[in-house]
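So the structure is just underneath, and the comments pick up after that.
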Amino acid sequence: MRRLYFWAFVLVTAPACNKFLNKPANASLPSPTTVADFQAMMDQSSLTTWVTPGLGPVYVEDYRWAAAASGFADSFSLGVYTWQPALFASVIEASWSHPYAAIYTCNTVLANLPQLDRLDSADAVAARFVMGQAFFLRAFMYYHLAETFGQPYRPATASTDMGVPLRINENVMANAPRASMLAVYQQIISDLGRAIPRLPAALQAANRNRPCRGAAYGLLARVWLTCQDYVKAQLYADSSLMSYDSLIDFNALDSTSLHPFSASGNSEVLFQCTALNYPLQYGRSVLIDSALYNSYSPDDLRRVVFFQPVTSGMMAGNHYFKGEYSGLAYLFSGIAVDEIYFISAESKAWNGDLDGALSDVNTLLAKRWRSGRFLPYSAAGLTRDSVLHFVLAEKRKETVFREVRFYDLRRLNQYPAFAVTLSRVYGGQAFSLLPGSPRYAFPIPQQEIDLSGVVQNPD
């Protein structure tokens with residue numbers, strides 16, 4: 001990424017590193033000298049600094065855009081809504097540069113923190129934790145980059161399918177060609193393997209921007225699910241849930257609040273992160289798909305916790321989304337216990353344990369329905385595919401407006417029984433996104449291609 005990549009890093013990290021910038025004019029980079037300095041760099045992984053690409057939620061079928069109410073049709077919103085990359089490719093550079101800025105910070109920490117001398121025992125423990133955070137965050141960002149800009153992970157062709165450039169050192173000027181999807185995922189898995197022994201077993205409840213071991217297990221579960229290795233996905237989902245499995249009882253939430261979840265990280269969040277803010281995600285003209293809304297039982301509290309009714313105007317009778325797990329008007333993109341339950345359930349179903357799959361879903365739904373109204377589902381007489389369809393439908397309802405749905409579609413479209421054609425109408429014209437379409441990989445920003453010469457995705 002060269003100069004663009006470097007300046008993205010400088011702009012993002014400047015607020016936390018001001019104390020490092022009071023140096024002679026020829027000092028071009030911050031020079032952390034203590035473990036606390038390196039921790040300050042990692043603590044920039046806040047709600048609004050380190051962000052994931054944020055493109056998936058506006059691509060999927062969970063909403064419809066009431067353009068007549070919005071009063072405008074910017075090129076980004078129109079382009080993603082109708083799946084026309086030519087209309088939005090020029091405005092998504094931040095979805096690429098922000099994750100790479102986080103990766104550069106991780107590379108700086110991993111290269112320089114081990115060089116500190118004469119650490120006392122307390123500093124040595126703190127340094128180990130900081131290193132774990134850096135390995136985790138680098139893996140986390142590479143996962144989101146690969147699932148946004150790389151080709152869908154296909155086990156048979158992953159060694160040749162294009163992923164994203166792997167940058168695992170501090171040299172921002174070095175060219176890095178696109179690595180294969182297999183190589184990117186091998187790097188992610190390796191980083192998480194290094195992170196786990198360095199992260200604390202206990203949830204970091206006071207600062208959920210700092211990952212715990214359960215978050216790393218949860219990300220590994222998501223990674224292996226994407227790779228379609230459902231045995232390993234189940235293994236790591238189980239490990240994450242054994243580490244921490246708290247679920248919120250939605251009966252205890254204020255469903256009338258415009259932000260029902262805590263901004264400091266609700267009790268299900270293992271790692272707090274948000275997606276990049278794009279206009280189409282937040283306007284009140286973005287209405288929940290009526291078929292999705294009607295799929296929630298009246299006794300399912302997600303219906304009132306996640307969605308707010310439109311009570312006046314031409315859109316009255318519709319609903320918009322308010323259930324961001326971030327607790328703010330930023331879409332949640334971190335790791336949370338509810339998703340891990342669904343990874344466990346889906347993996348069990350693929351592996352033939354239908355009772356176990358429904359047991360996981362029942363455990364979660366019992367915390368989502370009105371007290372005394374939920375009746376557990378049974379696998380008696382059901383086939384594997386019918387259980388999978390049920391699990392996937394409930395996962396979509398649980399993780400609405402997270403990037404998870406887009407990543408799942410990239411994977412599930414490889415199975416004819418689970419492939420989905422997305423369809424929308426805008427301006428009287430019908431648009432569709434077919435399973436296997438090359439548009440399931442977003443275009444790499446032209447700035448990156450101009451600077452580094454990486455290969456563009458096919459359209």
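In what follows, every heavy atom counts, from backbone to side chain, and hydrogens, waters and symmetry copies are set aside. Along the sequence shown, residues are numbered consecutively beginning with 1. These figures come from a predicted structure and were not determined experimentally.
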Inset, instruction - With side-chain contact (heavy atoms from CB on, under 4.5 Å) as the test, would you mind laying out the steps for Leu382 and Tyr377 before giving the verdict? - result: CA-CA 11 Å; Leu382 299 181; Tyr377 292 92; over 6 Å; no
Inset, instruction - Determine yes or no for a side-chain-to-main-chain donor-acceptor pair under 3.5 angstrom, with Asn413 supplying the side chain and Leu409 the backbone. - result: yes
Legend entry - ring pair (Phe, Tyr, Trp, His ring centres under 6.0 Å) involving His389 - partner list, sequence neighbours excluded: Phe418
Legend entry - Tyr236: side-chain hydrogen bond (donor to acceptor under 3.5 Å, both in side chains) partners, not counting sequence neighbours: none
Inset, instruction - Using the ring of Phe431 (Phe, Tyr or Trp, six-membered ring only), decide whether Arg424 places NZ or CZ under 6.0 Å from its centre and within 45 degrees of its axis. - result: no
Legend entry - Closest heavy-atom pair and its distance - Arg373, Asp299: NH1-OD1, 2.7 Å
Legend entry - pair Val80-Tyr278: side-chain heavy atoms closer than 4.5 Å: no
Inset, instruction - Write down the atom of Thr383, the atom of Ser386, and the distance for their closest heavy-atom approach. - result: O-OG, 2.8 Å
Legend entry - Thr82 side chain near Gln429 side chain, heavy-atom distance below 4.5 Å: no
Legend entry - Counterpart residues, ring pair (Phe, Tyr, Trp, His ring centres under 6.0 Å), relative to Tyr325 (two or more places apart): Phe261, Phe332
Inset, instruction - Of all the heavy-atom pairs spanning Leu301 and Arg370, show the shortest one and how long it is. - result: CD2-NH1, 3.5 Å
Legend entry - Exam field: side chain Lys232 to backbone Leu220, donor-acceptor pair closer than 3.5 Å: no
Legend entry - pair Asn169-Asn107: side-chain heavy atoms closer than 4.5 Å: no
Inset, instruction - Go through the side-chain N and O atoms of Thr160 and Thr157 and say whether any donor and acceptor fall under 3.5 Å apart. - result: no
Inset, instruction - For Arg368 and Leu364, indicate whether the former's side chain and the latter's backbone hold a donor-acceptor pair under 3.5 Å. - result: no
Legend entry - Partner set under side-chain hydrogen bond (donor to acceptor under 3.5 Å, both in side chains) for Gln151, not counting sequence neighbours: Asn457
Legend entry - Thr363 side chain vs Ser359 backbone, donor-acceptor pair below 3.5 Å: yes
Legend entry - Spacing of Ser295 atom OG and Glu394 atom CD [to the nearest 0.5 Å]: 7.5 Å
Legend entry - Phe140 and Phe271 aromatic centres sub-6.0 Å: yes
Inset, instruction - Answer yes if the side chains of Glu147 and Thr226 hold a donor-acceptor pair under 3.5 Å, and no otherwise. - result: no
Using a 3.5 Å cut-off and no angle test, enumerate the donor-acceptor pairs between side-chain atoms of residues 211-218 and protein atoms at least two apart in sequence or in another chain.
from   : atom 1 : to     : atom 2 : distance (Å)
Arg213 : NE     : Ile196 : O      : 3.1
Arg213 : NE     : Leu199 : O      : 3.2
Arg213 : NH2    : Leu199 : O      : 2.8

Inset, instruction - Find the distance between CZ (Phe250) and OG (Ser255) and round it off to the nearest 0.5 Å. - result: 11.0 Å
Inset, instruction - Assess the side chains of Asn251 and Asp249: does a donor N or O sit below 3.5 Å from an acceptor N or O? - result: yes
Legend entry - Least distance between heavy atoms, Leu145 atom then Ser95 atom: CD2-O, 4.1 Å
Inset, instruction - Evaluate the ring-ring contact (aromatic ring centres under 6.0 Å, His included) criterion for residues Tyr81 and Tyr63: first the C-alpha distance (whole Å), next the side-chain angles of each, then the deciding distance (0.1 Å), finally the verdict. - result: CA-CA 10 Å; Tyr81 192 70; Tyr63 73 99; 5.7 Å; yes
Legend entry - Arg303: partners by salt bridge (charged side-chain N to carboxylate O under 4.0 Å, His left out), with sequence neighbours left out: none
Legend entry - Nearest heavy atoms of Leu225 and Arg411, plus distance in Å: O-CD, 3.0 Å
Legend entry - Residues which pass ring pair (Phe, Tyr, Trp, His ring centres under 6.0 Å) with Phe442, listed by chain and number, not counting sequence neighbours: Tyr59, Phe88, Phe406
Inset, instruction - Can you measure from CG (Leu137) to CG (Asp191) and round to the nearest 0.5 angstrom? - result: 10.0 Å
Inset, instruction - For the pair Gln456 (side chain) and Ile449 (backbone), establish whether a donor and an acceptor sit closer than 3.5 Å, ignoring hydrogens and angles. - result: no
Inset, instruction - List for me each residue that meets salt bridge (charged side-chain N to carboxylate O under 4.0 Å, His left out) alongside Arg178, sequence neighbours excluded, and say none if there are none. - result: none
Inset, instruction - Side-chain contact test, heavy atoms from C-beta onward, threshold under 4.5 Å: evaluate it for Arg396 versus Val60 and give yes or no. - result: no
Legend entry - Under 3.5 Å donor-acceptor, Arg128 side chain and Pro197 backbone: yes
Inset, instruction - Identify, with sequence neighbours excluded, every residue that meets ring pair (Phe, Tyr, Trp, His ring centres under 6.0 Å) alongside Phe307. - result: Tyr293, Tyr296
Legend entry - Euclidean distance, Ser97 OG relative to Ile92 CD1, rounded to 0.5 Å: 10.5 Å
Name the atoms and distances for all side-chain donor-acceptor pairs under 3.5 Å in residues 310-318, with sequence neighbours left out.
from   : atom 1 : to     : atom 2 : distance (Å)
Asn318 : OD1    : Arg64  : NH2    : 2.7
Asn318 : ND2    : Met315 : O      : 3.1

Legend entry - Val91 side chain reached by Asp74 side chain, heavy atoms, under 4.5 Å: no
Legend entry - Side-chain donor-acceptor contact under 3.5 Å, Thr52 with Tyr143: no
Inset, instruction - With rounding to the nearest 0.5 Å, note down the distance linking CZ in Arg405 to CG in Asp62. - result: 6.5 Å
Legend entry - Asp338 versus Glu398, closest heavy-atom pair with distance: OD2-OE2, 2.7 Å
Legend entry - Partners passing salt bridge (charged side-chain N to carboxylate O under 4.0 Å, His left out) against Lys367 (at least two apart in sequence or in another chain): none
Inset, instruction - Taking Asn351 for its side chain and Asp353 for its backbone only, find out whether a donor-acceptor pair lies under 3.5 Å. - result: no
Inset, instruction - Enter the distance from Phe390:CZ to Leu354:CG here, rounded to the nearest 0.5 Å. - result: 12.5 Å
Inset, instruction - Taking atom types as modelled, find out whether Tyr415 and Gln228 have a side-chain donor-acceptor pair closer than 3.5 angstrom. - result: yes
Legend entry - No-hydrogen, no-angle side-chain donor-acceptor test under 3.5 Å, Ser326 and Glu324: no
Inset, instruction - Answer yes or no: is there a donor N or O on one side and an acceptor on the other, between the side chain of Ser347 and the main chain of Ile343, under 3.5 Å? - result: yes
Legend entry - Test log, rule side-chain contact (heavy atoms from CB on, under 4.5 Å), inputs Lys395 and Val404: CA-CA 9 Å; Lys395 182 181 182 183; Val404 170; 3.5 Å; yes
Inset, instruction - Please name all residues satisfying salt bridge (charged side-chain N to carboxylate O under 4.0 Å, His left out) with Arg384, sequence neighbours left out, ordered by chain then number. - result: none
Inset, instruction - Report yes or no: does Tyr100 contribute a side-chain atom to a donor-acceptor pair with the main-chain N or O of Pro165 at less than 3.5 Å? - result: yes
Inset, instruction - Could you walk me through whether Arg222 and Glu403 pass the salt bridge (Lys or Arg N to Asp or Glu O under 4.0 Å) test, one step at a time? - result: CA-CA 12 Å; Arg222 188 194 283 179; Glu403 289 172 301; over 6 Å; no
Inset, instruction - Please test Asp43 against Arg210 for salt bridge (Lys or Arg N to Asp or Glu O under 4.0 Å), starting from the C-alpha separation and ending with a verdict. - result: CA-CA 7 Å; Asp43 280 340; Arg210 297 181 182 180; 2.7 Å; yes
